Trainee: 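Take a look at the following structure, please.
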Amino acid sequence: MKKLLNLAVLIIFLPVFIFSNSYAQKVEMVDGVRYVHNEEIGKWEKSPKVSLEYLKNIGDIESEDENVLFYMPSDIVFDSEGNIYVLDSGNHRIQKFSHEGKYITTIGNKGQGPGEFIYPLSLDIDAHGYLYISDSNNKRIQVLEPGGEEHKTIKMTGNPPGVIRISKSGEIIMGGGGFISFGIGEDEDEPLPKLLKVLNQEGKVQKGFGEQKDYKEFLMNKMGNQFHFTLDKYNNIYVAFDFQNRIDKYSPDGKLIWKSDRKLNYSTTTPKNKGSRKGSGGRISIQMPEMNRCSSGIAVDNKDRIWVATLKRQIKENERVQTSVMTTMSSSGERAMNMSVKGNTEVKETDMYLLEIFDPDGILLGKIQLKHFVDDIKIQKDRLYLLDKRRGMQYYEYKIIDN
């Protein structure tokens with residue numbers, strides 16, 4: 001009788017595994033969270049249910065028209081009329097275009113005043129057409145009216161703001177990202193913060209959620225926990241980690257719903273080196289760890305499918321580029337920053353990226369091979385926008401076609 005009782009208790013605490021015969025996957029429930037372990041072949045197998053039709057590029061590095069000559073663009077949003085706003089970060093401005101791609105106007109320039117930016121990080125738009133700019137190097141979030149006039153400025157007294165997204169209820173969801181902003185004296189023993197924060201319209205943190213992975217190394221934590229995130233129409237939040245084989249879904253109140261991973265052709269567990277940082281004469285030199293990148297963007301379409309820009313292999317030496325950040329501090333305490341792209345920017349085509357498509361429960365559906373570099377992804381209705389930030393410095397616009 002005692003043996004039977006122990007067996008019953010054991011069965012209660014074992015995770016539940018679900019297998020499918022038509023495509024390889026494993027799903028387990030642990031403490032109310034769904035864990036999905038996808039194999040290489042998705043549910044659609046060899047018959048993808050969607051395809052992409054190339055439409056146009058937004059931005060042209062070869063153009064003589066300075067209005068489409070972007071430098072390190074970093075974000076794109078769309079208003080209710082279908083107009084397109086590109087955050088041209090390296091030129092410290094927002095470029096507005098019509099739905100057809102015709103230039104309309106420029107918003108902002110370099111500086112610290114109202115409507116001015118210094119390498120702005122991210123851009124979003126709310127239901128009223130107000131533009132929210134994460135002006136991280138000025139330690140503020142700027143809110144501009146639809147015409148570009150200043151509406152208000154949310155000053156960040158502590159750390160500079162990260163990437164921001166605006167929920168349907170008007171809350172500001174803030175993640176990490178951006179440029180290295182820590183100094184030599186920063187406390188390496190501080191507890192890891194939550195992945196995401198929810199801010200009200202005054203910039204006050206209402207709550208935080210999501211757990212970072214602790215690599216037990218300061219720079220490793222900074223690098224290894226970088227991610228992209230997006231919201232769906234229900235205000236659920238999806239996170240795709242750049243250097244971890246991990247995709248998370250959170251409810252609007254911050255509850256973890258599921259985690260999903262997939263088969264990769266490389267490891268994301270062991271870094272090639274752990275990086276270093278040095279300081280001298282007001283200058284900080286940082287060598288970030290070398291880790292295998294596995295994703296570079298996430299978006300949700302109008303059918304609730306999750307699209308992740310995934311690397312099927314690691315970058316080759318002749319494809320490599322990097323962003324160089326030079327920060328100096330004057331004797332009066334004023335900080336100056338300069339950013340530039342270094343490396344082989346002439347190579348604009350590659351076979352290293354593909355789009356992985358998942359269902360709302362984290363199950364891999366299928367994959368689409370790409371022919372160019374991808375640094376971020378956005379979806380607006382049936383349009384897919386892929387960013388090439390450092391080489392072509394442009395967005396590729398595609399139409400999503402359901403087969």
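Just the heavy atoms: all of them, side chains too, but no hydrogens, waters or symmetry mates, feed the values below. Note that the structure is a prediction, hence the values are computed from the model and not measured.
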Trainee: Do the non-hydrogen side-chain atoms of K348 and I61 ever get within less than 4.5 Å of each other?
Mentor: yes

Trainee: Give the intermediate values and the outcome of side-chain contact (heavy atoms from CB on, under 4.5 Å) for residues L364 and Q25.
Mentor: CA-CA 9 Å; L364 178 65; Q25 66 161 335; over 6 Å; no

Trainee: State the CD-CD distance between E64 and E66, to the nearest 0.5 angstrom.
Mentor: 12.5 Å

Trainee: Which of these, I298, L365, D359, sits in a side-chain contact (heavy atoms from CB on, under 4.5 Å) with I306?
Mentor: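 It is I298, the one option of I298, L365, D359 that forms the side-chain contact (heavy atoms from CB on, under 4.5 Å) with I306.
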
Trainee: Look only at the side chain of S296 and the backbone of V374, and say whether a donor-acceptor pair between them is shorter than 3.5 Å.
Mentor: yes

Trainee: What do the steps show when you test R313 against D351 for salt bridge (charged side-chain N to carboxylate O under 4.0 Å, His left out), and what is the final call?
Mentor: CA-CA 9 Å; R313 64 167 173 82; D351 65 350; 2.8 Å; yes

Trainee: Tell me whether Q314 contacts the main-chain N or O of R293 through its side chain, where contact means a donor paired with an acceptor under 3.5 Å.
Mentor: yes

Trainee: How long is the span from the CG atom in D242 to the OG1 atom in T268, to the nearest 0.5 Å?
Mentor: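 Those atoms lie 11.5 Å apart.
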
Trainee: Ring centroid separation for F229 and Y250, is it under 6.0 angstrom?
Mentor: no

Trainee: Please check if the side chain of N403 supplies one atom and the backbone of P48 the other of a donor-acceptor pair under 3.5 Å.
Mentor: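 A pair under 3.5 Å: yes.
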
Trainee: Show the numbers, then the answer: is there a side-chain contact (heavy atoms from CB on, under 4.5 Å) between S98 and I104?
Mentor: CA-CA 7 Å; S98 69; I104 297 177; 4.1 Å; yes

Trainee: Looking at every non-hydrogen atom in both residues, tell me the closest pair between R140 and P161 and how far apart they are.
Mentor: O-CG, 3.4 Å

Trainee: Taking K367 for the side chain and E40 for the main chain, is one N or O donor matched with an acceptor at less than 3.5 Å?
Mentor: yes

Trainee: Stepwise, does the side-chain contact (heavy atoms from CB on, under 4.5 Å) test hold for Y234 with V300?
Mentor: CA-CA 11 Å; Y234 312 107; V300 181; over 6 Å; no

Trainee: Would you check if the side chain of Y266 reaches a backbone N or O of L311 as a donor-acceptor pair within less than 3.5 Å?
Mentor: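 Indeed, once roles are kept as given, a pair shorter than 3.5 Å links the two residues.
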
Trainee: Under the 3.5 angstrom rule, does the side chain of K49 hit a backbone N or O of S47 as a donor-acceptor pair?
Mentor: yes

Trainee: With rounding to the nearest 0.5 Å, note down the distance linking NZ in K389 to OG in S89.
Mentor: 6.0 Å

Trainee: Contact between P252 and N236 at the side-chain level, heavy atoms closer than 4.5 Å - yes or no?
Mentor: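 Yes; the side chains approach each other to less than 4.5 Å.
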
Trainee: K152 and side chain to side chain donor-acceptor pair (under 3.5 Å): which partner among Q142, E202, Q201?
Mentor: Q201

Trainee: Within the supplied structure, the quantity of interest is the number of heavy atoms (other residues, nucleotides, ligands) at a distance under 6.0 Å from K168 NZ; does it exceed 12?
Mentor: yes

Trainee: Tell me the closest heavy-atom pair linking S51 and I368, and the distance in Å.
Mentor: CA-CD1, 4.4 Å

Trainee: Kindly check if the number of other-residue, nucleotide or ligand heavy atoms within 6.0 Å of NZ (K56) is above 12?
Mentor: yes

Trainee: I want to check something: taking the side chain as every heavy atom from C-beta on, are R320 and N344 in contact at a cut-off of under 4.5 Å?
Mentor: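 The answer is no; the side chains never approach within 4.5 Å.
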
Trainee: If you take all heavy atoms of P146 and Y85, which pair is closest and at what distance?
Mentor: O-OH, 4.2 Å

Trainee: Do the side chains of K110 and E116 get close enough for a salt bridge, i.e. N-O under 4.0 angstrom?
Mentor: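 Result for this pair is no, no salt bridge flagged.
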
Trainee: So for atom CG, which belongs to D31, do other residues, nucleotides or ligands contribute more than 12 heavy atoms lying within a distance under 6.0 Å?
Mentor: no

Trainee: Look at K216 together with D214 and state whether they make a salt bridge at an N to O cut-off of under 4.0 Å.
Mentor: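 D214 and K216: salt-bridged.
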
Trainee: Start with the C-alpha distance between H37 and D261, add both sets of side-chain angles, then the distance that settles side chain to side chain donor-acceptor pair (under 3.5 Å), and finish with yes or no.
Mentor: CA-CA 5 Å; H37 308 291; D261 57 43; 2.9 Å; yes

Trainee: Verify, without hydrogens or angle tests, whether K312 (side chain) and Q369 (backbone) share a donor-acceptor contact under 3.5 angstrom.
Mentor: no

Trainee: At what distance, to the nearest 0.5 angstrom, does CE of M220 lie from CE of M291?
Mentor: 4.0 Å

Trainee: Roughly how far apart are D402 CG and R305 CZ, rounded to 0.5 Å?
Mentor: 4.5 Å

Trainee: With a 4.5 Å heavy-atom cut-off, do K274 and L219 have their side chains touching?
Mentor: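 Heavy-atom side-chain distance check fails, nothing below 4.5 Å.
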
Trainee: Keeping W307 on the side-chain end and G297 on the backbone end, is there a donor-acceptor pair under 3.5 Å?
Mentor: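 Not at all, since once roles are kept as given, no pair shorter than 3.5 Å links the two residues.
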
Trainee: Taking the side chain as everything from C-beta on, heavy atoms only, tell me whether E150 gets closer than 4.5 Å to E145.
Mentor: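 No. Closest side-chain heavy atoms not under 4.5 Å.
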
Trainee: Determine whether T310 and L355 satisfy the following criterion, side-chain contact (heavy atoms from CB on, under 4.5 Å), listing intermediate values before the conclusion.
Mentor: CA-CA 6 Å; T310 299; L355 292 171; over 6 Å; no

Trainee: Below 4.5 Å, heavy atoms only, C-beta onward: do I84 and Y385 meet side chain to side chain?
Mentor: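 They are in contact (side-chain heavy atoms under 4.5 Å apart), so the answer is yes.
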
Trainee: Verify the distance criterion only: is there a donor paired with an acceptor across the side chains of T269 and S267 at less than 3.5 Å?
Mentor: yes

Trainee: Within a 6.0 Å radius of atom NZ on K204, are there more than 12 heavy atoms belonging to other residues, nucleotides or ligands?
Mentor: no

Trainee: Using a 6.0 Å cut-off, check whether atom NZ of K155 has over 12 heavy atoms from anything other than its own residue.
Mentor: no

Trainee: A side-chain contact here means heavy atoms from C-beta on lying under 4.5 Å apart; do L123 and I76 qualify?
Mentor: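 Result no, sub-4.5 Å side-chain heavy-atom pair not found.
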
Trainee: Do you know the tightest heavy-atom contact between V347 and F373?
Mentor: O-CE1, 3.3 Å

Trainee: Are the side chains of V325 and Y119 in contact, using a 4.5 Å heavy-atom criterion?
Mentor: no

Trainee: Closest heavy-atom contact between I400 and L52?
Mentor: CG1-CD2, 4.0 Å

Trainee: Quick check for you: to the nearest 0.5 Å, what is the distance between I237 atom CD1 and D232 atom CG?
Mentor: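 It is 8.5 Å, given to the nearest 0.5 Å.
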
Trainee: Check whether any side-chain N or O of Q95 sits under 3.5 Å from a backbone N or O of V68 as a donor-acceptor pair, and report yes or no.
Mentor: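 A pair under 3.5 Å: no.
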
Trainee: I'd like to know if the side chain of N235 and the backbone of S167 have a donor-acceptor N/O pair within less than 3.5 Å.
Mentor: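 Side chain of N235 to backbone of S167: no pair is present.
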
Trainee: Would you call K378-D376 a salt bridge at under 4.0 Å N-O?
Mentor: no

Trainee: Determine the minimum heavy-atom distance between W258 and Y238, stating which atoms define it.
Mentor: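 In this case the closest contact between W258 and Y238 is CZ2-CE2, 4.2 Å.
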
